[in-house]
Every structure is written in structure tokens, then in C-alpha cells.
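Shown next, in C-alpha cells, is the structure this report addresses.
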Amino acid sequence: MYESGDTATENTIMAASLIKGKTIIHFASSNYMVRDLCYFLKQAGAKIDGLSSFKITVEGVEKLKPVNNYSIMPDPIEAMTFISVAITTKSNLKVIGCPIDFLRLEIEKLQVMGQKFNISSSYKSINGLFDLVDIEIIPSKLVALPDKIYGSPYPGLNIDNLPLFLPILTQAEGETLVHDWAYENRAIYYTELNRLGADVVLLDAYRVIVSGCTQLKPAEIICPPALRPSINLLTCMLAASGKSVLRNAYPIDRGYENIVGRLNNIGADILKIEE
């Protein structure tokens with residue numbers, strides 16, 4: 001692989017599964033979605049080895065067979081989203097079914113910041129292939145990280161979990177440098193949190209400094225055309241006393257199923273208006 005990428009690795013594996021002979025993929029991503037796809041393909045008759053490493057071997061087969069009732073794994077990005085909501089709003093919340101092997105570094109960073117958790121013993125996902133835990137978030141006094149935070153290919157901090165640290169960092173004493181190098185211009189949208197009382201300084205198209213702890217306040221904002229920065233706005237609105245309005249929330253709906261209903265079920269007060 002020219003670089004480690006989730007979708008690129010998945011496309012290569014799918015193609016290799018039906019190519020006659022052996023394909024060896026070096027510097028392959030072994031992230032959660034790649035493994036889940038490979039487990040599905042193996043049930044369909046594909047021959048794939050090395051899923052927990054960065055060297056995946058695929059022996060091509062002539063044809064794949066149908067698969068009935070494959071249960072995909074829980075999403076670690078959704079788990080991290082609810083963790084971010086709980087920490088930012090200083091709530092006691094238990095997030096159930098978290099794929100811990102894809103959240104370990106995130107949890108470690110948060111523990112360094114002073115966040116307290118109760119983490120259950122592990123149990124298997126419905127498909128029996130992933131280790132899950134229940135994570136109870138306990139309201140805690142947070143301090144800024146002593147070094148910068150950035151995303152990396154697995155097993156680094158998930159590139160899509162990195163933005164979810166922004167609301168949390170607004171509630172941590174001190175300054176944190178966030179380096180979001182993977183996506184063009186995503187960091188620019190982080191400054192929208194300033195309209196809610198955050199202190200986010202844009203250094204360039206990839207880096208911001210977040211200063212805390214700040215008192216978040218309500219505001220009326222239009223969602224940017226980016227999923228994670230949009231859910232960050234909703235998270236900070238939940239933490240702000242008073243009524244906020246978030247317009248054009250399609251980017252959030254694109255990434256989270258029934259997020260309004262699920263948040264309301266755990267104590268949020270959100271009214272979704274169809275215009």
C-alpha cells in the first residue's frame with residue numbers, strides 16, 4: 001500500500017478475493033471496519049489471513065457464497081461520541097457495548113487528563129469476533145494534555161475520534177494543541193465552537209489550540225459541511241445553559257441514526273424541526 005488507508009485496504013482485499021492466486025498486502029490497515037469486512041468475506045468463502053497485523057494475505061477464490069444474518073460490530077466512533085457528550089456535559093453515563101481494542105488510546109489520553117471511568121470486564125460482540133466493554137463516565141476535573149493530540153492509522157488514535165476531543169478540551173484546564181493532519185480544512189470548522197464560548201485558536205488549516213476551562217453559552221449556528229465538527233456543536237450546545245439552535249443538521253443525520261431520539265432518551269432536551 002502506498003499509505004495505510006481503511007477504504008483502500010478494503011478495496012484491495014475485495015478485489016484480491018476473486019483474483020486467482022495469492023495476494024500479499026503490505027502496510028495494510030487493520031482497523032475495525034477492515035476486520036469486520038474480512039470476517040464477513042471469510043464467511044462468504046474468502047481466504048484471508050493476517051487480520052491483526054499489517055500484512056494481509058488473500059488467496060483468491062472462484063466465487064463467493066451468500067451470507068445470512070452477519071452482525072456487524074458496534075461502532076467505536078459512536079461510542080466515543082457518547083463518551084464526549086458525557087464528559088463535556090459533566091454527566092454520569094454508562095456507554096454499553098464499546099469495542100475496547102479500538103478505543104484503548106482514546107481512554108488512555110482521557111485518563112492522563114484526569115477523567116475517571118468504571119470499565120466492565122470484556123464480553124464478546126454478537127458476531128463473537130470483537131471484545132466489548134461497558135464504560136461508565138464519572139464527572140471529573142480535567143487538565144490539558146502535556147503534549148499535542150493527533151490522529152493516526154490504527155493502532156493510533158482514530159482519525160475520526162480526534163475531533164470528538166474538542167468539546168472535552170474546552171472543559172480541561174490549560175492549552176492543548178490539536179493536529180488534524182488527515183483531512184483538508186476540517187480543523188477550520190473547529191473555530192465554530194467559539195460561538196458557543198469556547199476558546200479555539202486556528203494556527204493553520206490543520207492545527208488549533210484549545211484553551212480551557214471555558215463556560216459554554218447558547219447560540220444559533222448553521223452546521224458546517226463536516227460530520228464530526230457538526231456533532232461537536234451539538235455536544236457543546238448540550239453543555240451550554242439555555243436554548244441553542246442548530247440549523248441544517250443533515251451532516252449529523254448522515255453519520256448518526258436517530259441521534260436526537262437517543263440523546264433525549266438519556267436526558268437531553270432536543271426538539272427536531274423539519275423545515
Side-chain angles (χ1 to χ4, degrees), residues 6-7 10 31-34 36-37 71-91 93-100 102-103 106-107 110 125-126 130 132-137 151 154 157-171 178 180 182-183 185-187 189-190 192-193 195-196 198 216 218-240 243-275:
D6 300 328
T7 305
E10 290 171 331
N31 209 355
Y32 68 95
M33 69 289 284
V34 176
D36 215 9
L37 171 66
S71 297
I72 63 173
M73 65 175 290
D75 184 358
I77 313 300
E78 280 217 344
M80 184 63 202
T81 299
F82 280 93
I83 290 171
S84 177
V85 168
I87 295 174
T88 306
T89 60
K90 299 177 174 62
S91 301
L93 182 70
K94 181 183 288 186
V95 185
I96 295 173
C98 303
I100 187 61
F102 304 94
L103 288 167
E106 286 82 343
I107 296 300
L110 290 169
S125 58
I126 292 175
F130 297 93
L132 307 181
V133 298
D134 300 337
I135 301 176
E136 181 185 5
I137 293 89
Y154 183 82
L157 191 144
N158 192 293
I159 290 168
D160 276 329
N161 276 340
L162 175 66
L164 304 176
F165 274 82
L166 266 291
I168 297 170
L169 293 173
T170 69
Q171 302 307 299
V178 181
D180 191 353
Y183 286 99
N185 298 326
R186 185 165 70 174
Y189 298 124
Y190 297 157
E192 287 292 289
L193 294 178
R195 300 177 63 184
L196 290 161
L216 297 173
E220 182 171 339
I221 305 176
I222 298 174
C223 270
L227 171 56
R228 309 306 170 188
S230 294
I231 195 67
N232 283 349
L233 291 171
L234 181 58
T235 297
C236 288
M237 286 178 173
L238 289 170
K243 183 173 72 174
S244 295
V245 179
L246 186 59
R247 297 191 178 275
N248 296 344
Y250 166 74
I252 296 175
D253 288 335
R254 182 172 60 84
Y256 296 93
E257 183 180 7
N258 188 28
I259 189 66
V260 171
R262 293 156 69 196
L263 287 171
N264 283 341
N265 284 340
I266 56 175
D269 184 4
I270 306 171
L271 176 63
K272 186 173 183 179
I273 301 173
E274 301 291 347
E275 296 180 335

**Q.** side chain to side chain contact (heavy atoms under 4.5 Å, CB included) assessment of Tyr190 paired with Asp180
**A.** CA-CA 10 Å; Tyr190 297 157; Asp180 191 353; 2.5 Å; yes

Q | side chain to side chain contact (heavy atoms under 4.5 Å, CB included) evaluation trace for Tyr32 with Ile77 | A | CA-CA 10 Å; Tyr32 68 95; Ile77 313 300; 3.4 Å; yes

Q: Output, in order, the C-alpha distance, side-chain angles, deciding distance and verdict of side chain to side chain contact (heavy atoms under 4.5 Å, CB included) for Glu192 and Ile221.
A: CA-CA 8 Å; Glu192 287 292 289; Ile221 305 176; 3.5 Å; yes

Q: Decide side chain to side chain contact (heavy atoms under 4.5 Å, CB included) for Ile252 and Arg228; before the verdict, give the C-alpha distance in whole Å, the side-chain angles of both, and the deciding distance to 0.1 Å.
A: CA-CA 8 Å; Ile252 296 175; Arg228 309 306 170 188; over 6 Å; no

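Remark: Leu233 CG to Cys223 SG distance equals 6.0 Å, nearest 0.5 Å. Between Leu164 atom CG and Ser84 atom OG the span is 5.5 Å, to the nearest 0.5 Å. The line from CG of Leu246 to CD1 of Ile222 is 9.5 Å long, rounded to the nearest 0.5 Å.
The residue from Leu238, Ile83, Leu216, Leu166 that alone fulfils the side chain to side chain contact (heavy atoms under 4.5 Å, CB included) condition with Thr88 is Leu216. Checking Leu132, Ile107, Leu103, Asp75 one by one against Cys98, the side chain to side chain contact (heavy atoms under 4.5 Å, CB included) holds for a single residue, Leu103. When each of Leu110, Thr235, Asn232 is paired with Ile168, the side chain to side chain contact (heavy atoms under 4.5 Å, CB included) condition holds for Leu110 and for no other.
We find that Asp160 and Arg186 are joined by a salt bridge, their nearest charged nitrogen and carboxylate oxygen being less than 4.0 Å apart. Electrostatic pairing of Lys94 and Asp134 does not count as a salt bridge here, judged by no charged N lying under 4.0 Å from a carboxylate O. Salt-bridge formation is not detected for the pair Glu220/Lys243: no Lys NZ or Arg NE/NH1/NH2 atom is positioned less than 4.0 Å from an Asp or Glu carboxylate oxygen.
A pairwise comparison of heavy atoms in Phe82 and Leu93 identifies O-CD2, 3.9 Å as the closest pair. Closest heavy-atom contact between Ser230 and Pro224: OG-O, 3.0 Å. The shortest heavy-atom contact between Ile159 and Ala182 is CG2-CB, 3.7 Å. Scanning both residues, Gly97 and Pro99, for their nearest heavy atoms gives O-CD, 3.6 Å. Considering all non-hydrogen atoms of both residues, Cys236 and Leu193 come closest at SG-CD2, 3.8 Å.
Panel note: side chain Ser244, backbone Met237; no donor-acceptor pair is recorded below 3.5 Å. Between the side chain of Thr89 and the backbone N or O of Ala239 there is no donor-acceptor pair closer than 3.5 Å. Judged purely by atom type and a 3.5 angstrom limit, Asp36 uses its side chain to pair as donor or acceptor with the backbone of Met73.
Taking the side chain as every heavy atom from C-beta outward, Asn31 and Asn158 approach each other to under 4.5 Å. Residues Met80 and Leu162 are not in side-chain contact: their nearest non-hydrogen atoms beyond the backbone lie 4.5 Å or more apart. Between Thr7 and Val34, every side-chain heavy-atom pair lies at or beyond the 4.5 Å cut-off. Between Ile231 and Tyr256 there is a side-chain heavy-atom pair separated by less than 4.5 Å.
Atom CG of Asp269 has 12 or fewer neighbouring heavy atoms from other residues, nucleotides or ligands inside a 6.0 Å radius. Environment of CD1 in Ile266: crowded, with over 12 heavy atoms of neighbouring residues, nucleotides or ligands closer than 6.0 Å.
Classified by interplanar angle (parallel below 30°, tilted 30° to 60°, perpendicular above 60°), the ring pair Phe102/Tyr154 is tilted.
Listed by chain and residue number, nothing satisfies the salt bridge (charged side-chain N to carboxylate O under 4.0 Å, His left out) test with Glu106 (two or more places apart in sequence, or in another chain).
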